[in-house]
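By convention in this document, chain letters (A, B, ...) are assigned in the order of the sequence lines, proteins followed by strands, and residues within each chain are numbered from 1. Remember, predicted model here, so these are calculated numbers, not experimental data.
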Amino acid sequence: MSDLADEYRLDYFEEEGFERLTCETCGDHFWTRDASRETCGEPPCAEYGFIDDPGFEETLSLEEMRETFLSFFEERDHGRVDPYPVAANRWRDDVLLTQASIYDFQPHVTTGQSPPPSNPLVVSQPCIRMQDIDNVGKTGRHTMAFEMGGHHAFNADEGAGYAYEGEVYWKEETVRYCVELFEELGVDSSELTLIEDVWVGGGNAGPCFEVIYQGLELATLVFMQFEQDPDGDYEMKDGNSYSEMDRRVVDTGYGIERWTWMSQGTPTVYEAIYPEMIEFLRDNAGLDYTDEEDEIVFRAAKLAGHMDIDEAEDVEAARDTMAEQLGVETARLVELMEPLEDIYAIADHSRTLAYMLGDGIVPSNVGTGYLARMVLRRTKRLVDTVGVDAPLDELVDMQADRLGYDNRDTVRDIVRTEVEKYRETLDRGGRKVRQLADDYAERGEPIPVTELIELYDSHGIQPDMVAEIAAERGVDVDVPDNFYGLVADRHGGGQAVEVEATVPHEKRLDELPETDRLYYEDQQRMEFEAVVLEVFDREDGDYDVVLDQTMFYPEGGGQPPDHGTISTDDVTGEVTDVQVHGGVIVHTCDADPGTGEFVRGQVDATRRRRLMRHHTATHVVIHSARQVLGEHVRQAGAQKGTDSSRIDIRHYESISREQVKEIEHRANEIVRDNAAVTQEWPDRHEAEKAHGFDLYQGGIPTGEQIRLIHVADDVQACGGTHVGRTGDIGAIKLLNTERIQDGVIRLTFAAGDAAIDATHEIEDALYETAELFDVANEDVPETAARFFDEWKARGKEIEDLKEQLAEARASGGGDSEEIEVADTTAVVQRIDADMDELRAQANAVVEQGSIAVLGSGASGAQFVVAVPDGVAVNAGEVVGELAGRVGGGGGGPPDFAQGGGPDADRLDDALEAAPEILRQVANA
RNA sequence: GGGCCCAUAGCUCAGCGGCAGAGCACCUCCUUUGCAAGGAGGAAGCCCUGGGUUCAAAUCCCAGUGGGUCCA
């Protein structure tokens, strides 16, 4: 195993008089110009030196600090790159949120597949780290949302075949730039320390320096130079082996918020980055502290900076010590600090929400949407706790305004909708818990853990809320420490086994050249000629045919594969499936054309045209949906078909009938405009720059060039086949909308002749109904409503009549048999009527003080036995005995029972035996 | 993407194989004169939809629809 020590020895350090020292407290190695230094300079080995005594010459706002950073590197030949969205899943599918500036260039740039937009480059990237959520507000320096200033350089060995090559710069320049930036801000560089560390993550690793000034880590300089390799020479702290790469990536992170804080020397970072928001919240919550109280808070914050506070728990633990040093009671300190901590957190969370919602994340129960919902609910709780009475949408809007978003109305609307949903959940939860608490209060038992888990997992009610409500009712609740672990257990924990799709004859496919995709050259042509490169036998008896070029579109991007025929002079085969594996297109065919043969291909034109119409229509519909519902609307999945297609879109509420009509109108307007549908293959970065990440509606393509499809004003990265002009779509008919999960709505539609067919189906249903009712089409709804009402009224009337009939029967005759049993009269009677009637009759008999034993042969054999109050005959037992005689069973409470069996022929026998059965039961 | 929960009167919910229930709201009357008043009476249900099991399903099973919630 090799040592990394040499990796930190730079010529720069030698030239500039830096020495390598060892921290006397923690033992870390670090570089400094001050040979007399004893510690590494990072808490807990040192204290903050800048609170109330700013570390830079000038006081800078967050915006000014950002600009200072960006222009510093721009002046040193770095291309300035616009920040990416915080929703990293807009351009990559392995993470949800952007957590560092390097995320912008993963995976395609760091792996060398795509060139960076500029090399070297600089960016100030908004990031969100949910891991820090508990620390926000408490430690004075943690924020969930922050801007990471990063300057990056991508180096690769000459001839390694990457999208970039050569040396831009590496460690020497990186460290020099960093020190120079400090010096430009008036820092004496002998106060800096650069601590040696190792960075590991995402399959890569490398040495890094943590740059510390005045006790605060302001930058991390990472040199990505290793990649995971089982045979590698370097073992890293994650326990894996790594080896040297032929690429070297400079990955730096400058915490713009911390630099701003350093320049201002405020007690916490929050007061430095959004002072006006903190002031607003303090005013609004009525936190007008006296000078003396403010003084305590100020000194406490300062003390916090001097302590080793890395986690929210540390803060709690340090409270006593702080209170003692300040000369106040711990309780008083807490009383003063907690509302402020909440306010800091509210400001930070509002900023986080502004980023998330502003970048188009829609709250939901899945993915990034779920994270947004969590943050929003947490923020709402804080707002209520601390007593801020401004609506949450206003707070988020303040931050969205500061951040310069122009979709603020939508953001506010989303927040309002979401707050309302949360309120309903709380209402529901409160009722549920109160009811449960009452139940357990009655029994004098504590609420068990299983109930707590159920309440949280299925109803979203936090255990502390349960405890609070239960306490009001004097019920104990014991929340175990491992509560969330128990919830996790309930989810099984077992990892779903990824079923790796096996590609048949994969090895050989890798050796074949990529198939020429003729369908991109002319999307309207359906015939072509080609040479058979390879034929594989399939297990099902068909053949997989690889050609040198093809007009057959393989399944992809939600578009099903083409069908058609491949023929030689001798054989013609039906193509039933077309798939692409690594650029090689495989046609599944029911005949073997023979390797090396010339073939003619003919695509099933009707099918393909239907698919093309639906594909282009998909672009038109999503474009229209964005116009009607808002710019946040994004595709969450799509499937094209020949008869209808569907797209799933992200939207925060269910859409109304009016909105559906509006979308349909606009879509058909685009069709009528007969706009040209065009394709182009621009450089991916230029495309992103020109059109934004909304390009990637249907997934993220790889490669330097990407294919763009323009439909009217709409631009999307897309690999599918399209009609030449929007008029070719013919017509678009929205067939259905359904909410497939929270925040995702499925639009089903048909295009062209399929739209006409679909309309016919709906019309047929209407016409048939109208005919059945014998009314005009437009009268169908009203008539149906009237029929329904009448049907209900008639049901009630029948019910009524049955009761009257039963009374009449009970008071006057019929062929009933009356016997004496248990000092009461029993009426045994056969009425061939349904169960309702039998029950009514039985009730009528009981009214008169008699036992009723009724039988019916209307459907099988059925019995009802009813017994008046105070008569010692068990109806259930009587019915059981009777029903047994007709091959069935029955039962019920002692005063009213029912039963029956299939054997109707024996009904009379059973009734005949009734008197005897009654006596037996009565005497039992 | 996965797990779990729910659907019964206008509202909030109980019932969990055997006659469809309560509270609030509503209507009529009485007693009162109000700040959640009291009393008497009444009306109000395709127990979400479709299958299945059963002598019998609001209740059990399966599927669908709608809603909620937790996790990745």
- prompt: Counting only Watson-Crick or G-U wobble pairs whose two distances fall under 3.5 Å, which nucleotide matches B/rA58?
  reply: none

query: Expressed as a whole number of Å, how far does the C1' atom of B/rG23 sit from that of B/rA9?
result: 12 Å

task: Please determine, for the side chain of A/Val487, which listed nucleotide (B/rC46, B/rC70, B/rC5) has the closest atom?
output: B/rC70

query: Heavy atoms under 4.0 Å, any strand shown: does A/Pro902 hit a base, just sugar-phosphate, or nothing?
result: nothing

- prompt: Please give, in whole Å, the distance from B/rG68 C1' to A/Asp742 CG?
  reply: 9 Å

- prompt: What distance, rounded to whole Å, do you find between the two C1' atoms, one in B/rU8 and one in B/rC27?
  reply: 23 Å

- line: Under a 3.5 Å limit on both distances, the Watson-Crick or wobble mate of B/rC46 is none

task: Measure the distance from CD on A/Gln435 to C1' on B/rC13 and round it to the nearest whole Å.
output: 6 Å

Test side-chain contact (heavy atoms from CB on, under 4.5 Å) applied to A/Ile447 and A/Asp439, A/Leu455, A/Val466, the passing residue: A/Val466

Pair assignment for B/rC11, Watson-Crick or G-U wobble, requiring both distances under 3.5 Å: B/rG23

message: Looking at every heavy atom in both A/Leu805 and A/Gln841, which two are closest together, and how far apart are they?
response: O-OE1, 4.4 Å

- request: Let me know, please, whether A/Ala897 or A/Gly900 comes out on the 5' side of the other along RNA chain B by nearest nucleotide.
  value: A/Ala897

- prompt: Should the ring pair A/Tyr84 and A/Phe693 be called parallel, tilted or perpendicular, given that the plane angle runs from 0 to 90° and is split at 30 and 60?
  reply: tilted

Assigned partner base of B/rC4, Watson-Crick or wobble definition, under 3.5 Å: B/rG68

task: Look through every strand shown and name the nucleotide pairing with B/rC16 as Watson-Crick or G-U wobble, where both distances are under 3.5 Å.
output: none

task: Ignoring hydrogens and angles, answer whether the base of B/rG3 and the side-chain atoms of A/Asp457 contain a donor-acceptor pair closer than 3.5 Å.
output: yes

field: Gap between atoms CG and P, on A/Asp439 and B/rA14 respectively (whole Å)
entry: 10 Å

field: Under 3.5 Å on both distances, the Watson-Crick or G-U partner of B/rU53
entry: none

message: Rounding to an integer number of Å, can you tell me how far A/Leu96 CG sits from B/rA72 C1'?
response: 8 Å

- request: Please state the P separation for the pair B/rG64 and B/rA72 - nearest whole angstrom.
  value: 26 Å

query: Given B/rU69, is OP1 or OP2 found less than 4.0 Å from the side-chain N or O atoms of A/Thr425?
result: yes

- line: The residue, A/Gly899 or A/Ala636, whose nearest nucleotide of RNA chain B is more 5′ is A/Ala636

message: Measuring to OP1 and OP2 of B/rC13, would you say a side-chain N or O of A/Lys432 lies under 4.0 angstrom away?
response: no

message: Taking only the C1' atom of each, what is the distance from B/rC60 to B/rC70 in whole angstrom?
response: 27 Å

- prompt: Touch check for A/Gly892, heavy atoms < 4.0 angstrom, all strands: base, sugar-phosphate only, or nothing?
  reply: base

query: For the pair made of CZ in A/Phe896 and P in B/rG18, what is the distance, rounded to whole Å?
result: 13 Å

- prompt: Does a nitrogen or oxygen in the side chain of A/Arg739 sit under 4.0 Å from OP1 or OP2 of B/rG67?
  reply: yes

message: Expressed as a whole number of angstroms, how long is the span from A/Asp836:CG to B/rC19:P?
response: 12 Å

- request: Work out which heavy atom in A/Ala910 is nearest to a heavy atom in A/Leu882; give both atom names and the distance.
  value: O-CD2, 3.4 Å

task: Ignoring backbone atoms, test whether A/Lys792 places a side-chain nitrogen or oxygen under 4.0 Å from the OP1 or OP2 oxygen of B/rC46.
output: yes

message: How about CD on A/Glu782, more than 12 heavy atoms from neighbouring residues, nucleotides or ligands closer than 6.0 Å, or not?
response: no

B/rG38 and B/rA20, which share atom name P, separated by this distance in whole Å: 31 Å

task: Answer yes or no: does a side-chain N or O of A/Lys796 lie under 4.0 Å from OP1 or OP2 of B/rA44?
output: yes

message: One thing to verify: whether A/Asp903 and A/Arg885 come together as a salt bridge, which I'm taking to mean a side-chain N less than 4.0 angstrom from a carboxylate O.
response: no

message: With a 4.0 Å cutoff (strictly under), does any side-chain N or O of A/Arg431 reach OP1 or OP2 of B/rG68?
response: no

query: What integer number of Å spans the P atoms of B/rC61 and B/rA7?
result: 13 Å

field: Distance, C1' atom - from B/rA37 to B/rC24, rounded to whole angstrom
entry: 15 Å

query: Should A/Asp789 and A/Arg786 count as an ion pair when the cut-off is N to O under 4.0 Å?
result: no

message: Regarding A/Gly887, tell me which of base, sugar-phosphate or nothing describes its non-hydrogen contacts under 4.0 Å with the strands shown.
response: nothing

message: Whole angstroms only, please: what is the CG-P distance between A/Asp789 and B/rC46?
response: 10 Å

message: Measuring only the C1' atom in each nucleotide, how far is B/rC6 from B/rC13? A whole number of Å is fine.
response: 12 Å

query: For A/Arg377, which contact category applies under a 4.0 Å heavy-atom criterion: base, sugar-phosphate, or nothing?
result: sugar-phosphate

- prompt: When all nucleic acid strands are considered with a 4.0 Å heavy-atom cut-off, which category describes A/Tyr456: base, sugar-phosphate, or nothing?
  reply: sugar-phosphate

message: What is the distance, to the nearest angstrom, from the CG atom on A/Leu854 to the C1' atom on B/rG18?
response: 15 Å

query: Any Lys/Arg nitrogen of A/Lys802 or A/Asp800 sitting under 4.0 Å from an Asp/Glu carboxylate oxygen of the other?
result: no

- prompt: If you look at every strand shown and take non-hydrogen atoms under 4.0 Å, does A/Glu424 touch a base, only sugar-phosphate, or nothing?
  reply: nothing

- request: Using a 4.0 Å heavy-atom cut-off across all strands, classify A/Gly890 as base, sugar-phosphate, or nothing.
  value: base

